[in-house]
Each structure stands twice: as C-alpha cells, then as structure tokens.
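Every number for a ligand or one of its atoms is a count from 1 in the order of the listing.
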Amino acid sequence: MSRPRQLGLAVLLGTASFVAQAEDAWVAEARQLATSVPPKLLAVLNREIEQGGAVQAIGACQIQAPEMARQASAASGWTVRRVSLRERNPKARPDAWEQAALEDFDRRVAAGEVPMTLEKAERVDVAGVPTLRYVRALAVGPVCVQCHGDTAQMDAGVKAKLAALYPHDRATGYAVGQIRGVITLSKPAP
Ligand code: HEC
C-alpha cells in the first residue's frame, strides 16, 4: 500500500521542482532585461544633460526611453514599459497588477527597504491568457530630481517645457530614494 503512495509523492515533488526551475529561468531572464535597460537610459540622460542641459535632456526621456523599451521588446519577446502611480505620460498608468506591486514597493521603502532591490515576478491570467509578469522598481537618484523633483526648485526652462509637453504631469515632487515607477515586463507564458 505505502509504496505506490511514496512513488506518487516522488513524482509529484519531481514535477514541482521542475516547475520551480522553469520559473526561475524566466524570472532570471526578465530580471536581466529589467536591469540592463535603465542604466542605458541613465547614460543617455547624463550625456544629454552634460551637453545641452536638462531642457534638452527632456527629449531623451520623452523619445529615447520609449524607443529603448521598443527595442528591448523586439529583441527579447517581452513587452517592456515604464509605469508609475504618478505618471507624467498618460500612457504610463499602471494596471491593477502593477498598481498593487507599486503600492507594496512604496510601503516597503517607507519601512526601510532599498528601492533598487524591489521586484515582483508572477505567472498570472490576463483575460484568460496565462502571462509571465515582472516589475522592478526605478529609484529616484540625484539626476532624476531635475525633472521629477520639487517644482519650486526646478529650472524655469525645464518647468516650462514639461508644462507644454505634459499638461497633466503628476510626476514631480519626488525626493532621492523614493520610487519613481517600475519597469514592467510581460509575455504570454509558454
Ligand atoms: C531631463 C528630464 C528628466 C530627467 C533628468 C529624468 N526624467 Fe524621467 N521622465 C521625463 C519625461 C519627459 C518623461 C515622460 C516620458 C514619456 O513621454 O514617455 C519621464 C518619464 C519617466 C518615467 C515613466 C513614467 C511616467 O511618469 O511617464 C519614469 C519611470 C521615469 N521618468 C523615471 C526617471 C528616473 C528614475 C530618472 C532618474 C534616473 C528620470 N526619470 C530622470 C524627464 C526626465
């Protein structure tokens, strides 16, 4: 009696560990992508700010960021975007899953966790389609506050250009160490 049951358990455990391994592989892949794109954008931002100042660099965040996301998407099969609880571009609004992750990340940062390390990976159903989803926090660093910081301290030219481009901008008032948003990846599960 006990033998077949043990065998059954072994098969079950074997399957479970196989699934865990398969999930680790996609999570590692998503993490790799999510940590490789932001430093590239930061390099462009720094270069633009150095060469032409923050007003000129607005174009880097406006045009190059979505372009980098598109390229990363095309090269990897993941859909890559950026979203925020207080978005600048109206297209950057989170869906319910992303919003829950963002709110959780904000709570954890308030409790002392380091923003750079915050991530969430989950296999979820999106309108009946099994989907792999991954988000990783984008922290506010010193360079970011030039365009996302306290408006009272912002360069007048930056303020004017942001107001012209984004009349419904909600992405100001951030301080270094907060979470500006997440990079969000998804693709249909295999
Ligand atoms: C030179 C100005 C500038 C700087 C510096 C800057 N940003 Fe932005 N940021 C923008 C603009 C403009 C947008 C809107 C882009 C668009 O239209 O998609 C934006 C959008 C974003 C978004 C997408 C969500 C949203 O609100 O639309 C995130 C996330 C973001 N920035 C994070 C950062 C982080 C993190 C830093 C620092 C490493 C940073 N930004 C530095 C100008 C800037």
Problem - Nearest protein heavy atom with distance in Å, relative to atom 36 (C) of ligand 1 - result: Cys144 SG, 2.8 Å
Exercise for the section: May I ask which of Glu67, Arg93, Arg180 has a heavy atom nearer to atom 32 (C) of ligand 1 than the others do? Expected result: Arg180
Exercise for the section: Find out whether Leu165 and Gln62 are in side-chain contact, i.e. whether some heavy atom of one side chain is under 4.5 Å from a heavy atom of the other. Expected result: yes
Completion exercise
Near Leu138 (heavy-atom distance under 4.0 Å), the atoms of ligand 1 are 29 (C)
Practice task
Give a yes/no verdict on whether any heavy atom in Val140 is under 4.0 Å from an atom of ligand 1.
Solution key: no
Fill in the blank from the handout: Going by the 4.0 angstrom heavy-atom rule, the piece of Ala54 near ligand 1 is backbone
Handout entry: Selected option - heavy-atom contact closest to atom 19 (C) of ligand 1, from Gly53, Cys61, Pro142
Key = Cys61
Practice task
May I ask you to decide if Cys147's main-chain N or O and Arg88's side chain share a donor-acceptor pair within less than 3.5 Å?
Solution key: yes
Exercise for the section: Please confirm whether Ala139 comes under 4.0 Å of ligand 1, counting heavy atoms of the residue only. Expected result: yes
Handout entry: Winner among Cys147, Ala137, Gly181 once heavy atoms are compared against atom 4 (C) of ligand 1
Key = Cys147
Problem - Where Arg123 and Pro190 come nearest, the two heavy atoms and their spacing - result: NH2-O, 4.0 Å
Handout entry: ligand 1 atoms in contact with Val143 (distance to a heavy atom under 4.0 Å)
Key = 5 (C), 37 (C), 38 (C)
Practice task
Provide the number and element of each atom of ligand 1 under 4.0 Å from a heavy atom of Leu42.
Solution key: 38 (C)
Handout entry: cation_pi(Arg86, Tyr174) dist<6.0 Å, angle<=45
Key = yes
Completion exercise
Here the atoms of ligand 1 under 4.0 Å from any heavy atom belonging to Ile58 are 1 (C), 2 (C), 12 (C)
Practice task
Around atom 27 (O) of ligand 1, find the nearest protein heavy atom and jot down its residue, atom name and distance.
Solution key: Asn89 N, 3.0 Å
Practice task
Could you tell me whether some N/O pair between Ser84 and ligand 1 is separated by less than 3.5 angstrom?
Solution key: no
Handout entry: His148 backbone or side-chain N/O/S under 2.8 Å from atom 8 (Fe) of ligand 1
Key = yes
Handout entry: Side-chain touch Asp155/Gln146, heavy atoms, less than 4.5 angstrom
Key = no
Completion exercise
atom 25 (C) of ligand 1 sits nearest the protein heavy atom Arg88 N, 3.3 Å
Practice task
Would you mind running through ligand 1 and noting each atom that sits below 4.0 Å from a heavy atom of Ala57?
Solution key: 1 (C)
Handout entry: Short side-chain donor-acceptor distance under 3.5 Å, Arg180 and Ser84
Key = yes
Problem - Close side-chain approach of Val143 to Asn46, heavy-atom, < 4.5 Å - result: yes
Handout entry: Close-contact set for ligand 1 against Ala92 heavy atoms, below 4.0 Å
Key = 24 (C), 25 (C), 27 (O)
Practice task
Taking only heavy atoms of Leu45 into account, list the atoms of ligand 1 that are under 4.0 Å away from them.
Solution key: 4 (C), 5 (C), 6 (C), 41 (C)
Practice task
Using a 4.0 Å heavy-atom cut-off, say whether Leu165 meets ligand 1 through its side chain, its backbone, both or neither.
Solution key: neither
Practice task
Check Gln146 against ligand 1 and report side chain, backbone, both or neither, counting heavy atoms closer than 4.0 Å.
Solution key: neither
